[in-house]
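Remember, it's a predicted structure, so these values are computed and weren't measured experimentally. Residue numbers run from 1 in the order of the sequence given.
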Amino acid sequence: MRMVFSAGSSPPLLGFKFKLDAETVIALSRAAFTKERAAADLVADRFDLEPTRSVLHRSAAVLAIECSELRDAERLIGRALAGNPPDDITDELRDLLLEEIYSQREAIKH
């Protein structure tokens, strides 16, 4: 399976076309998740750094979901909500939890 990314799919590509196979996409997503989770870990106990703290956790959680690491995503969201994120980030975190994680778990059970 090959995935094609072109100028219409992402503005940073600036008109270039390239092809990535599914394994490469997965590997890049996992690498991004690892780095984003590490960044979130660095500020996990720094409640004075909101909204940066919660945004990093949200980004890491989204990448975890993309990598099918639902338990890690759930933990990251819980850690983000344990701080004092702004209301809009709080809503996004709760939406991720309900719409992405819990819905996927229900689909797996059936």
Peer 1: Counting heavy atoms not belonging to D88, are there more than 12 under 6.0 Å from its CG?
Peer 2: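 For D88, atom CG is crowded (more than 12 foreign heavy atoms under 6.0 Å).
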Peer 1: Looking at L93 and I77, what are the two nearest heavy atoms and their distance?
Peer 2: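 Result for this residue pair: O-CG2, 3.7 Å.
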Peer 1: How far does CD of E99 sit from CZ of R94, to the nearest 0.5 angstrom?
Peer 2: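 Rounded to the nearest 0.5 Å, the CD-CZ separation comes out at 13.0 Å.
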Peer 1: Is the backbone N or O of L56 less than 3.5 Å from a side-chain atom of S59, with the two atoms forming a donor-acceptor pair by type?
Peer 2: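 No; judged by distance alone, with no hydrogens or angles, the pair does not exist.
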Peer 1: Give a yes-or-no answer on whether the side chains of S54 and E50 include a donor-acceptor pair shorter than 3.5 Å.
Peer 2: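 Yes - a donor-acceptor pair under 3.5 Å links their side chains.
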Peer 1: Nearest 0.5 Å please: distance from the CG atom of L42 over to the OG1 atom of T52.
Peer 2: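 Between L42 CG and T52 OG1, I get 13.0 Å after rounding to 0.5 Å.
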Peer 1: So how far is it from E74 CD to L97 CG, rounded to the nearest 0.5 Å?
Peer 2: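 Those atoms lie 6.0 Å apart.
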Peer 1: Does one hydrophobic cluster hold both L76 and L98, with members joined at side-chain heavy-atom distances below 4.5 Å?
Peer 2: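 No, L76 does not connect to L98 through the hydrophobic network.
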Peer 1: Working to the nearest 0.5 angstrom, can you tell me the gap between I101 CD1 and I65 CD1?
Peer 2: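 These two atoms lie 4.5 Å from each other.
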Peer 1: Report the distance from atom CD1 of I26 to atom CD of E23, rounding to the nearest 0.5 Å.
Peer 2: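 Going from the CD1 atom of I26 to the CD atom of E23 covers 7.0 Å.
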Peer 1: Going only through I, L, V, M, F, W and Y residues with side-chain contacts under 4.5 Å, is there a path from V55 to L81?
Peer 2: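 Linked within one cluster.
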Peer 1: Using a 6.0 Å cut-off, check whether atom CG of D41 has over 12 heavy atoms from anything other than its own residue.
Peer 2: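 Yes, the 6.0 Å shell around CG holds more than 12 heavy atoms from other groups.
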Peer 1: Between R53 and R79, what is the shortest heavy-atom contact and its length?
Peer 2: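 In terms of heavy atoms, the two residues are closest at NH2-O, 2.7 Å.
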Peer 1: Measuring from R30:CZ to K35:NZ, what's the distance to the nearest 0.5 Å?
Peer 2: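 NZ of K35 is found 14.5 Å from CZ of R30.
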Peer 1: With a 3.5 Å cut-off and no angle check, do the side chains of T24 and D21 form a donor-acceptor pair?
Peer 2: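 A pair is found: one side chain offers a donor N or O, the other an acceptor, under 3.5 Å apart.
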Peer 1: Taking the six-membered ring of F33 as reference, does the cationic atom of R37 (NZ for Lys, CZ for Arg) lie under 6.0 Å from its centre and within 45° of its axis?
Peer 2: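 Judged by the rule, R37 and F33 form a cation-pi pair.
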